[in-house]
Amino acid sequence: MKEYRVFLYTEGMLSSIFLNGGKVNPVRLTNALNDFAKEGWQVKTMERENRRTLLFFSREAFIFVLEREVK
């Protein structure tokens with residue numbers, strides 16, 4: 001039997017405002033995924049989207065569906 005988990009990764013709102021669209025930090029994302037992998041999670045699927053912040057700003061976000069065997 002398998003279990004699933006949804007993980008939403010976004011950068012902070014201040015980077016979105018001051019850096020005009022805050023791009024994802026690949027080192028932070030890698031570390032987050034590696035932390036999940038240590039717990040037995042595997043990425044099943046991933047979706048990229050731009051999420052609106054306040055009225056005029058957007059930031060990049062990734063939605064991951066993780067899967068692992070039930071212990």
Sorted by chain and residue number, the side chain to side chain donor-acceptor pair (under 3.5 Å) partners of E69 (sequence neighbours excluded) come out as K2

Going by chain and number, the hydrophobic cluster around V70 (ILVMFWY, side chain to side chain under 4.5 Å) further includes M1

- With a 4.5 Å heavy-atom cut-off, do F62 and L33 have their side chains touching? no

For E67, the side chain to side chain donor-acceptor pair (under 3.5 Å) test, sequence neighbours excluded, returns Y4

| message | Taking L8 as the starting point, is it possible to reach V6 by hopping between hydrophobic residues whose side chains are less than 4.5 Å apart? | response | yes

Next on the checklist: Do I63 and E49 make a side-chain contact, defined as non-hydrogen atoms from C-beta onward lying under 4.5 Å apart?
Outcome noted: yes

For K38, the side chain to side chain donor-acceptor pair (under 3.5 Å) test, sequence neighbours excluded, returns none

Applying ring pair (Phe, Tyr, Trp, His ring centres under 6.0 Å) to Y9 and not counting sequence neighbours gives none

Sorted by chain and number, sequence neighbours left out, side chain to side chain contact (heavy atoms under 4.5 Å, CB included) with E39 holds for R5, F36, W41, R68

